[in-house]
Amino acid sequence: MLENINSPSDLKKIDEKNLLILCQEIRDYIEKVVKQNGGHLASNLGAVELIVAQHRIFDSPTDRIIFDVGHQSYTHKILTGRYESFSTIRKFKGLSGFPKSSESIHDAFNTGHSSTSISAALGMATARDLNQENYHIIANIGDGALSGGMALEALNHIGATNKRIIIVLNDNEMSISEPVGAIAKQLTKISSGSLYRNLKYKLTQKLIVTTIGRFTRRVLSRLKGIIKYMFSSKGLFFEHFGLTYLGPYDGHDIIGLEEGFKIAKNIEGPTLVHVITTKGKGNYFAEDDPEKYHGVSPIGNSKKKSFTSIFGEYLVELAKNNSKITAITAAMCTGTGLELFREQINERFFDVSIAEQHGLTFAAGQAISGYHPVISIYSTFMQRGVDQVIHDICMQNLPVTMILDRAGLVGEDGETHHGVFDISLFGSIPNLIFMEPKNGTELKQMMKFATKHKGPTMIRFPKAATLDEEENYDFDENIIGDFQLENVDNVDNSEVSKKYAIIGLGTEFALAKEIVNKLKKNGYDFDLFNPRFITPISAKTLINLEKYEKIFTLENHVILGGFGSLLKARLQKPEVHIYGLPNIFIEHGSIKELRKEVGFTFENVYKQIEGVLSE
Ligand SMILES: Cc1ncc(C[n+]2csc(CCOP(=O)(O)OP(=O)(O)O)c2C)c(N)n1
């Protein structure tokens, strides 16, 4: 059936009795493609019926369907003319893993980061009303995403505007990990309420799917919505925000969902349709362990040690020897490698839910009270926390260690997830010591130093496998801001002696080394630096760097506003040539493909440097 659906209007023609089969086809297809390409398995399997029902009741693209985070939009993509191209999802030049308006008119709003959908929907609704138009705006949001600050700010605003929008709460009682907080508890109370359970029992268990059965279910479903709306106190939580509460509905019962959406369509003002789904629905493993199957990598991925796991393991070691160290995550326990900490030092582990800003100021609160929090956030999500870093942590010079995981290009998750702006955002903040290690050993040294330091520190590292067994040296307060000079033969040389210098930040040190080896072979006189520090840069280092004629920098970050730019602004004499990523939103694909696409490869950088040298 699926290959004949080219748009939601084809879906509307499908007979009710075939919908179960259709959903199975969708699930099979999603599983097959995710196995090959990687992607968000459990979230998508849980949202199949929910999205089918929406596309049958609403009229996309006239009606605007928004997906919060957007990681659960695979069914939507398949049903909106992208059945064939879905097999290219997350691949270079293929479909994006998230909604993208440049990909389809049905993708009403681009997402990737959490908790934006209600704000966007409300903005669209005010524009619609100013234009005196009449379409529906639907914001699909998960229970995890609902805990994010922006979603709550938007709910608060809704109360003041009373705009007609439909929020569909996809409640699977899971964020990536178990959801945290009062809202999650409130939702659990609603969904486990006896009225809901009774109705669900009546509606889905007892009735056989016959014509009469379907008719009765329709009536009961409609009644259910009305009963809940009129008599239930369970939705009061949302009603206090000025929303009309409908549900909870069984998110795998298409007929019931369709009835719910029909009711919602006719309600003036903002409505919340509460839908209970099973994350990973239909896949035994994903249902059983939705945390593990939230996102999966394609089969055959290498199991080398990542910076993330070195960080996670070493933090446990440090915290076992220092009872003041705490670990904080914003709903990304597994992604940031903190499971071991959660398991072994649970009393000092804090998951603040999808709340990066809160997490940072929460860390500041712990730090001002004598603790040393280590908060790990993906670079891209840290974009949310700029003011908290500046105003709450750095201005008060508090001992917080901030880890920026997934810094640089991240690959298949694409433009919403690359961590390529953090140096621009955090590279010039007073009091902050901002570092990037060249390998796993250096990461450990930086972590040891950072957790002893009496002020704020930040360490960025990429999604990459790394070595954990190279040379060791003292990394302490005495070397803050000093770039480390290495010559290619690895003989320690503290004198600046050459005409040219090449500086490779973090993992780009390896690329710099490769390039300098070839340049030396071709007769050029070079020094090679591992900077270690993005900010501050010591006076000693700056004085040394002034002696070079030309300096070449390499970084896994955008060029303008990055490490090289900041360095260039501080040097008078040397010409500084900066290599890194262009200041554009870079698409998705493997890191290798993306680097090739933007010209950040050994061959290209070497060629450019040689060009500069032969000028
Ligand atoms: C600002 C931000 N922080 C973290 C994430 C990572 N993230 C992606 S999905 C997700 C959990 C979302 O849970 P929920 O909304 O309940 O959706 P589900 O996957 O359970 O369907 C998280 C934390 C993100 N996308 N954006």
Side-chain angles (χ1 to χ4, degrees), residues 30 34 39-51 66-76 96-99 110-119 139-153 167-181 183-184 187-188 191 251-252 274-281 286-287 289-296 328-336 338 351-360 375-386 388 404-406 410 413-419 463:
I30 289 175
V34 170
H40 289 95
L41 184 66
S43 315
N44 280 294
L45 293 181
V48 173
E49 288 82 5
L50 187 56
I51 295 171
I66 305 168
F67 294 94
D68 207 288
V69 184
H71 63 311
Q72 76 293 50
S73 59
Y74 293 3
T75 300
H76 162 79
S96 163
F98 297 91
N110 292 8
T111 46
H113 289 200
S114 171
S115 315
T116 62
S117 63
I118 306 178
S119 302
N140 282 284
I141 184 164
D143 51 314
L146 188 68
S147 68
M150 264 187 86
L152 299 175
E153 289 170 33
I167 299 171
V168 179
L169 172 59
N170 173 1
D171 181 4
N172 53 26
E173 299 192 13
M174 281 301 276
S175 186
I176 292 179
S177 309
E178 298 240 330
V180 174
I183 295 175
L187 292 177
T188 309
S191 56
H252 302 295
H274 186 182
V275 175
I276 312 292
T277 60
T278 303
K279 196 160 177 171
K281 179 81 177 172
E287 279 193 40
D289 190 351
E291 182 171 11
K292 182 169 167 199
Y293 288 88
H294 174 88
V296 298
I328 302 173
T329 174
M332 298 297 286
C333 178
T334 46
T336 56
L338 287 172
D351 183 346
V352 298
S353 85
I354 309 177
E356 290 77 9
Q357 295 164 300
H358 158 65
L360 287 159
I375 177 165
S376 180
I377 295 180
Y378 286 8
S379 164
T380 186
F381 304 142
M382 190 72 164
Q383 288 163 197
R384 294 254 164 120
V386 176
Q388 286 70 16
L404 303 190
D405 196 328
R406 309 298 199 273
V410 297
D413 279 334
E415 66 177 7
T416 53
H417 281 60
H418 296 311
K463 178 186 178 189

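Numbers here are sequence positions counted from 1. Only heavy atoms go into these numbers, but all of them, side chains included; no hydrogens, no water, no symmetry mates. In each ligand, atom 1 is the first atom listed, and ligand 1 is the first ligand listed.
- With hydrogens and angles ignored, the 3.5 Å screen pairs no side-chain donor or acceptor of Asn170 with any backbone N or O of Val275.
- Note that the CD atom of Glu287 and the NZ atom of Lys279 stand 12.5 Å from one another [nearest 0.5 Å].
- The structure places OG1 of Thr111 at 7.0 Å from CD of Gln72, a figure rounded to the nearest 0.5 Å.
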>> One pair to check against side chain to side chain contact (heavy atoms under 4.5 Å, CB included): Met150 and Thr116. What are the steps and the verdict?
In response: CA-CA 6 Å; Met150 264 187 86; Thr116 62; 4.1 Å; yes
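- Without hydrogens or angle criteria, Asp68 side chain to Ser117 main chain gives a donor-acceptor distance under 3.5 Å.
- For Phe381, the ring pair (Phe, Tyr, Trp, His ring centres under 6.0 Å) partners two or more places apart in sequence, or in a different chain, are His113, Tyr378, His417.
- Contact residues of ligand 1 (protein heavy atom closer than 4.0 angstrom to a ligand atom; sorted by chain and number): Ser43, Val69, His71, Gly112, His113, Ser114, Gly142, Asp143, Gly144, Ala145, Asn172, Met174, Ser175, Ile176, Lys279, His294, Ala331, Met332, Ile354, Glu356, Phe381, Arg384.
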